Amino acid sequence: MKKAVFCVIAVVICICSALSGCQNTNSVKTQGRPQNVYLDSTIVEFANVTYEENSNKSGSIESVTVGWLFHNIAGKQISAKIDVKFYDKNNLFLYNSTKYIRNMPAGYTEQSFQLANKVTYEGAGAAFVDHVVISVTEM
């Protein structure tokens, strides 16, 4: 009997410790889906993210397109600046594009990929893209 009670208590403690945790609210750096797109923000989180390399007939990369859907975690309506920065494997900056969010309601989640939430980097440098950092700051 003692053994069964002890096992039940141990299982409950394991479950409680697995479900508890700390959250750093200073900055949310979320590794997105795919693993080479990162989010740096305290006001939104990824609902979905895409990374596509577009190749020509010979197989070389002509462009890289990144798309995202955000979920507002700020707890209020937000307007924000979105900087999408492309880097090579040595963390050297290659390209930046800026987009904006206007009046996103608290708790809102974007539902579909549109031009407003996609950035394409084209040209010779696209072949060198290793990772992308999306920074979202409130205006």
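All of these numbers come straight from a predicted model, not from anything done at the bench.
Going from atom CD1 of I101 over to atom OH of Y108 covers 10.5 Å, rounded to the nearest 0.5 Å. Here F93 contributes atom CZ and F86 contributes atom CZ; the two are 9.5 Å apart, rounded to the nearest 0.5 Å. For the atom pair N117 CG and L69 CG, the distance stands at 5.5 Å (nearest 0.5 Å). Separation of atoms CD (Q77) and CG (N103) is listed at 4.5 Å; rounding is to 0.5 Å.
The side-chain hydrogen bond (donor to acceptor under 3.5 Å, both in side chains) search around E53 returns Y51, not counting sequence neighbours. Listed by chain and number, the residues in a side-chain contact (heavy atoms from CB on, under 4.5 Å) with E122 are S63, T120 (sequence neighbours excluded). Qualifying salt bridge (Lys or Arg N to Asp or Glu O under 4.0 Å) partners for D83, counting only residues two or more places apart in sequence or in other chains: K81. Listed by chain and number, the residues in a side-chain contact (heavy atoms from CB on, under 4.5 Å) with S112 are Q114 (sequence neighbours excluded). Residues passing the salt bridge (Lys or Arg N to Asp or Glu O under 4.0 Å) test with K76, sequence neighbours excluded: E138. Every side-chain contact (heavy atoms from CB on, under 4.5 Å) that Q111 has, sequence neighbours left out, goes to T109. Judged as a side-chain contact (heavy atoms from CB on, under 4.5 Å), and not counting sequence neighbours, the contacts of S55 are I61. Taking H131 as the reference, Y87 meet the ring pair (Phe, Tyr, Trp, His ring centres under 6.0 Å) condition, with sequence neighbours excluded.
For F113, the CZ atom counts as densely surrounded, since its 6.0 Å shell holds more than 12 non-hydrogen atoms of other residues, nucleotides or ligands.
In the hydrophobic clustering, where aliphatic and aromatic side chains (Ile, Leu, Val, Met, Phe, Trp, Tyr) are joined below 4.5 Å either directly or transitively, Y100 groups with M139.
Between W68 and V119, some side-chain heavy-atom pair lies under the 4.5 Å cut-off. Within the 4.5 Å cutoff, side-chain heavy atoms of I82 are placed close to those of F70. Taking 4.5 Å as the limit, every side-chain heavy atom of V64 sits out of range of all side-chain heavy atoms of N54.
Among residues at least two apart or in separate chains, there is no salt bridge (Lys or Arg N to Asp or Glu O under 4.0 Å) pair with a member in residues 54-63. Residue pairs satisfying the salt bridge (Lys or Arg N to Asp or Glu O under 4.0 Å) criterion with at least one member in residues 98-119, sequence neighbours excluded, are absent.
Shortest non-hydrogen contact noted between I43 and N72 is O-OD1, 3.5 Å. The two atoms that bring D88 and D130 nearest to each other are C-CB, 3.4 Å, heavy atoms only. Across all their heavy atoms, V132 and V66 have their closest contact at CG2-CG2, 3.7 Å. The two atoms that bring I73 and V44 nearest to each other are CG1-N, 3.7 Å, heavy atoms only. The two residues A106 and G75 have their closest heavy-atom pair at CB-C, 3.7 Å.
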